[in-house]
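First up is the structure itself, then whatever we jot down about it.
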Amino acid sequence: MDGGQTLKRGLFRALLVAATGLAVTVMAGLLLSQVAYAGLEKPLASLLRPEVFHALFLSCILATAAAVIALALAIPSAYLLARRAFPGRILVDTLLDLPVVLSPLAVGFSLLLFFRTAPGSFIETHLMRFVFEPAGIVLAQAILAYAVAVRVLKTAFEEVEPRYEQVARLMGCTPFMAFRKVTLPMARPGVVAAAVLGWGRAVGDFGATVMVGGAVAGKTETVPVAIYLRLASVDIAQAVGLMLVLTAAALAVLLLVRLTGRAP
Amino acid sequence: MDGGQTLKRGLFRALLVAATGLAVTVMAGLLLSQVAYAGLEKPLASLLRPEVFHALFLSCILATAAAVIALALAIPSAYLLARRAFPGRILVDTLLDLPVVLSPLAVGFSLLLFFRTAPGSFIETHLMRFVFEPAGIVLAQAILAYAVAVRVLKTAFEEVEPRYEQVARLMGCTPFMAFRKVTLPMARPGVVAAAVLGWGRAVGDFGATVMVGGAVAGKTETVPVAIYLRLASVDIAQAVGLMLVLTAAALAVLLLVRLTGRAP
Amino acid sequence: MIRVEALSARVGTFRLGPASLSVPAGSSFVLLGPTGAGKTLFLECLLGLHRPSGGRIVLDGVDVTDAPPEGRSVAYLPQDLALFPHLSVRDNILFGPSIRRWPRERWQGPFDALVERLQLAPLLARRDVRTLSGGERQRVALARALVLRPKVLFLDEPFSSLDALARRSLQLSILDLQREAGLTFFLVTHDHEEAFIMADAMAVMLRGRIEQEGPPEAFTANPASLMVARFLLVQNLFPAFFVRESEGLWFLEAGGVVVAAKPKPGLSPRPSMHIGIRPEALVVLRRDRPLAPWMTCNLLEGRVERILNLGNRRYARVSVGDRGSISLEVAVTQHLVQDLSLREGDAITLHVRPESVWVHWENGDSEGAS
Amino acid sequence: MIRVEALSARVGTFRLGPASLSVPAGSSFVLLGPTGAGKTLFLECLLGLHRPSGGRIVLDGVDVTDAPPEGRSVAYLPQDLALFPHLSVRDNILFGPSIRRWPRERWQGPFDALVERLQLAPLLARRDVRTLSGGERQRVALARALVLRPKVLFLDEPFSSLDALARRSLQLSILDLQREAGLTFFLVTHDHEEAFIMADAMAVMLRGRIEQEGPPEAFTANPASLMVARFLLVQNLFPAFFVRESEGLWFLEAGGVVVAAKPKPGLSPRPSMHIGIRPEALVVLRRDRPLAPWMTCNLLEGRVERILNLGNRRYARVSVGDRGSISLEVAVTQHLVQDLSLREGDAITLHVRPESVWVHWENGDSEGAS
């Protein structure tokens, strides 16, 4: 082996490390910038103000409700997609993935349009109001969270070999018992990951939330909306404080997912 | 087996189908609502107006630039993470995943803050302007696209057994040649999926784009920003037309990814 | 106990059956076949995991063709064992009783008996079944299957992950257990030796069809078709021409060598046939001893090409016929090799009894070279 | 050709070596050991895929301990073959020459020779290597490895995915190829029979250490330690007590049976030892024939417990000693079973030569039951 080869090998490794280093620097830069500009003290102090606290509280409630609804629907449909063959499965699969790649703004806008159609306005007037209401935000966020959750869950259920359910059935389980006693516990890390990632997607959403909920201070003002409003009124310290909360939530999501053993 | 068991089995299946059916109805409803409210004719006609065409053109250019930059960085770093063990790998891995779960609004806001710090404003004044400029949008979208791409690529590279590279090395390949001649071609569906999903993430982004680029009509007005502006000025037909384009792009992304054999 | 009538099924382009067989209660039945023959699909039909497209399955007198798996009261030991990783060893074994809400007095007896019989006491407290060794996992899976006191146990290549030596001892001890408990075994395997060890009766499945069914000895004595013969034996199978018949023996010529064979009843000679001789059926004659009285034909002069030592047994490859046109594999013992100082190049004489020579027609269908 | 000096490596808590061995040019060497013994790690050190923590590796006279894999000029046939799925059969075979930018005249000769030798002509145009059968894939991978004309070929369990019958014929034809080409083989396997078939010389690796190295016959005649004996043989190994020594023979007692053994030179008796007898080394005496002159001792009276038919060979399990306290496995032939009409329950006499009885100390370290 000659020197030229040694040099080439060194260059390849240097390239790999350099690219990764640049990416890490950018990501770390994003985190540091949040503190660098306004420091920590003022932003954190601003979190104690009642209207900020309300935004935090609202975000938590709405995202949690959205995640619960999303999971309740995603678990059965992911299981169906993972286990049963039926005509049109690929079509259903594609349709359910749509909100992952569709712009959240478009999701929110579509919902808005739906509530202006005949069936939509019937629901609005006779059943429940969604447009510019917290309920609408929950609906929009649930759609986004559902798409994330169904993907994670489908993989998790697929990773549980059908053999385990078959063995359980031969020991006397009905299909539902086999699911509840074997597949669901075995896929638990995936279920936790789906819940956490779905919640993260819901809590951080701006596009769909602002479309359906508008930006009604104190009523549909989630944390991302609040950041946008504070920035518009040049209250940077409060915006940074809220962003720190969002970032902390994102880091918590990553940490939780990794602790349950499933990289997002 | 008694009748009660048969009934239970039927109930379980009905539950699975009902949950999936509800989800499919919601997703299909989103798509149909886009057409139901304003019809197809006016929205599509509005796409021919020069300012709308400009938004489309800008979105395409910026998203493509962002995806190219993201991929150029994501390929080497995903390969490094997939193949080499190094101290702090889990930390790096977590950091690179951050933009996936971080709210795009927070990503954009962090960038905004960065360009107000000392090194940031040095870059702004002496090298290149980013804030409220298309370059800033490319940067923000590249960060979002990078996070998606690196995840997909890491999985794709991990799925290529190291054995193939080892065999190639023993036949005379340097590490770089083994990567270029064996791993990269074998991971090609993953590379295509990463490019397409990254592009989709970039083109549909609203939160990060509106933060860094502002909403300067005709200059930083991408399609999602344009939808938001049209809606603010109650030009619903044009907003719907633009949304149809976004939705078509999302469907194209899903289709492309499925055709290359890798579900998103 | 198990009766299968004209069962057929399909997956994609693969067609299974129609296949029929019957297994008496308390016996050990082996379904032998190469990978891809449809053995596992057949098993899945019996277990209710795959819906057959036709035929009937009767277990213990009850038609279960359309019953779900949980309505069949059978036990199943799959190849990968499928121990539940989220349950402890004890909870794995008691999964069946807990699902069926059996009271303790119903399972305690069989549980204690199995724990003692399979030496599971030191393992019961283990939390994670993934830390068990291969043999330990086998024993836990077996206890889990048997604690429900099934009448039939279906086994799908359950020993294939063990190494050769551990496999043998587990095979024998499971067989003891089967006989003690009067269980019916239905075992699926691609391993010839395993089939012969485990089977009271066996069937060979090739390309989705049961080609032969019977006691193991019938397969070594007399494969039902050339296809089965090719599956059981790759060496020592030759195309041959029918020469003449005399005194109930057929004389066939292969590569210049004339071999006498005692054909199966009902087979009529054709000009072009195949003969097969198992390596174990060939004897090397010792020149220091007189010929046995029955050795009146099939004395084959040959030359040792190679002696293969497999560690636990040996084979000699011997060329016979014009210019060594035929190469026979012969099972030899260490003693024979030592006593005759057998070496490569030596001239020797082989003998095979006419009733040990297989004779087959070329099958009608187009067979590959197996 | 291959010289390994005190090689050591570690992965996690597993420690390999220090291990030394040497393989002469043109020979076929087999490294045999159970799963988890460290064989593959050892191989990866030789190939440059794992960095050893100590020792030296010399290939063809060149110290390659720190050379990268591409600097070692060796060929490698892994267990999974690793054919490149994105290349055609032809491009797979020519991958090495194309990477090295060899001109056509340099590879055309070996390429044509391999295509003919391995009957690859009908496969060359195939676009997708995943559509090849198991045996075809083996041949393509072999051609890809050999087209670069390496001096050494490393094989890692290359036959384990084939079924028993196909495996045997490929083993023999690869061995022919090795001898013709004067290649050096280094083969890693856990399969005893494969080791004995393929080896000019072999080594047994247990728990990261090379426990014995030598010609295959040395392993059947005389395992170096009780640990090796236990790896080679699960049956017929018994604890025994030393009784006396006379005329160069040791007399040992196991379960009431006294067995004469010819100990290895240099071994001194201890009160507590182990004896082992291979099933192949035991002979069933025929009452119709006189005793051979050397059969002056080790005549063991016993009773047949069970006859095991493995299809291609048979074993008798024979109980000997006080109240049948010892159970011996004996290799028997179909002829013997037929001629003696051997049945379960029959009384028979066994013989084993004293030089075929293994004698071992209990090793100092705490061994499990293998």
Side-chain angles (χ1 to χ4, degrees), chain A residues 5 8-9 12 15-17 19-20 22-24 26-30 33-34 36-37 73 76-77 79-80 92 94-98 100-107 109-111 113-114 116-117 143 146 174-176 197 200 204 206-207 224 227-228 239-240 243 246-247 250 253-254 258 264, chain B residues 5 8-9 12 15-17 19-20 22-24 26-30 33-34 36-37 73 76-77 79-80 92 94-98 100-107 109-111 113-114 116-117 143 146 174-176 197 200 204-207 224 227-228 239 243 246-247 250 253-254 258 264:
Chain A
Q5 280 214 331
K8 274 188 197 161
R9 190 187 335 280
F12 180 55
L15 175 73
L16 296 185
V17 172
T20 312
L22 179 56
V24 168
V26 172
M27 301 311 160
L30 286 186
S33 305
Q34 301 185 359
Y37 181 69
L73 279 178
S77 48
Y79 184 69
L80 190 75
V92 170
T94 309
L95 207 55
L96 297 188
D97 262 344
L98 189 62
V100 174
V101 288
L102 194 56
S103 172
L105 194 86
V107 170
F109 188 23
S110 298
L111 273 177
L113 290 177
F114 169 73
R116 294 197 181 187
T117 60
I143 291 172
Y146 172 85
T174 59
F176 173 67
L197 288 172
F206 174 58
I227 293 178
Y228 191 71
V240 171
M243 184 172 61
L246 268 193
T247 307
V253 163
L254 282 184
R258 263 155 227 274
Chain B
Q5 281 215 331
K8 275 190 198 160
R9 193 188 332 282
F12 180 55
L15 175 74
L16 296 184
V17 172
T20 313
L22 179 56
V24 167
V26 171
M27 300 311 159
L30 286 186
S33 306
Q34 301 185 1
Y37 181 70
L73 278 177
S77 48
Y79 184 70
L80 189 75
V92 170
T94 310
L95 208 55
L96 296 188
D97 263 345
L98 189 62
V100 174
V101 288
L102 194 55
S103 172
L105 195 87
V107 170
F109 188 24
S110 298
L111 274 177
L113 289 178
F114 169 73
R116 293 195 180 187
T117 60
I143 289 172
Y146 173 85
T174 59
F176 173 67
L197 289 172
D205 174 64
F206 175 58
I227 293 177
Y228 190 72
M243 184 172 59
L246 268 192
T247 307
V253 163
L254 282 183
R258 262 155 225 274

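Excluded from the calculations below are hydrogen atoms, water molecules and symmetry mates; all remaining heavy atoms, backbone and side chain alike, are included. Note that the coordinates shown come from a computational prediction; the quantities given were computed from them, not determined experimentally. Convention: sequence-line order gives letters A, B, ...; per-chain numbering from 1.
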### Summary
Residue from A:Ile143, A:Thr117, A:Val26 scoring the most non-hydrogen pairs under 4.5 Å with chain B is A:Ile143

### Query
Which answer fits B:Leu246, side chain, backbone, both or neither, if we ask what part of it has an atom under 4.5 Å from a heavy atom of chain A?
both

### Query
Which of the residues B:Thr94, B:Val24, B:Leu22 is involved in the greatest number of heavy-atom pairs with chain A at under 4.5 angstrom?
B:Thr94

### Heavy-atom pair of closest approach, residues A:Phe114 and B:Ser33
CB-OG, 3.1 Å

### Query
A:Ser103: what forms a side-chain hydrogen bond (donor to acceptor under 3.5 Å, both in side chains) with it, not counting sequence neighbours?
none

### Message
Taking the side chain as everything from C-beta on, heavy atoms only, tell me whether A:Phe109 gets closer than 4.5 Å to B:Ile227.
### Response
yes

### Query
Quick one: of B:Leu15, B:Leu105, B:Leu80, who has the most non-hydrogen atom pairs under 4.5 Å with chain A?
B:Leu105

### Message
Quick check: closest heavy atoms across B:Tyr146 and A:Ala23, and the distance to 0.1 Å?
### Response
OH-CB, 3.1 Å

### Query
Which region of B:Val253, side chain (C-beta onward) or backbone (N, CA, C, O), has a non-hydrogen atom less than 4.5 Å from a non-hydrogen atom of chain A, or is it both or neither?
side chain

### Query
When only pairs under 4.5 Å are counted, which of A:Pro224, A:Gly204, A:Ser110, A:Ala28 shares the most heavy-atom pairs with chain B?
A:Ser110

## Note on the structure
Closest heavy-atom pair, A:Leu113 versus B:Gln34, reported as atoms and distance to 0.1 Å, is CD1-CA, 3.9 Å

### Query
So which part of B:Tyr79 gets closer than 4.5 Å to some heavy atom of chain A, the side chain, the backbone, both or neither?
side chain

#### Entry: Which portion of B:Leu111 sits near chain A, non-hydrogen atoms under 4.5 angstrom
both

## Note on the structure
Max heavy-atom pairs within cutoff under 4.5 Å with chain B, candidates A:Val240, A:Thr20, A:Thr247, goes to A:Thr20

### Task
Specify the closest pair of heavy atoms between A:Ala250 and B:Leu98, including all atoms of both residues, with the distance to one decimal.
CB-CD1, 4.3 Å

